[in-house]
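Worksheet: the structure to be examined is printed underneath.
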Amino acid sequence: MKKIKTIAKAGLITISTLITTLAAKAAILNTDDAFGGNLGANKTFGGQIGLGTKDVRLTIASMINVVIGFLGIVATIIILMGGFIWMTA
């Protein structure tokens with residue numbers, strides 16, 4: 001029972017933290033004069049603070065492609081090492 005109460009408290013703290021941070025971010029995004037008002041033609045939040053304006057899905061897809069490429073290189077090295085060990089056994 002004590003474990004369930006602890007998990008419930010942790011969940012409640014996590015959810016309340018998420019809700020308050022999301023509300024704060026929404027308030028910043030909806031404010032016209034955030035970060036000094038209109039900062040040119042790019043009125044998005046990412047453009048105002050100097051981040052990229054590329055779609056998040058494309059950014060994540062790019063990161064996944066880099067990781068898969070790295071894993072492919074590692075797999076090739078492991079296969080070559082295994083072949084060398086087998087041939088010299």
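- Rounding to the nearest 0.5 Å gives a distance of 10.5 Å between CG of N65 and CG of L58.
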Return a table of donor-acceptor pairs under 3.5 angstrom between the side chains of residues 75-89 and protein atoms on other chains or two or more places apart.
{"from": "T76", "atom 1": "OG1", "to": "G72", "atom 2": "O", "distance (Å)": "2.9"}
{"from": "T88", "atom 1": "OG1", "to": "F84", "atom 2": "O", "distance (Å)": "2.8"}
{"from": "T88", "atom 1": "OG1", "to": "I85", "atom 2": "O", "distance (Å)": "3.3"}

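- M63 and I68 fall within the same hydrophobic cluster, defined by Ile, Leu, Val, Met, Phe, Trp and Tyr side-chain heavy atoms under 4.5 Å apart, directly or through other members.
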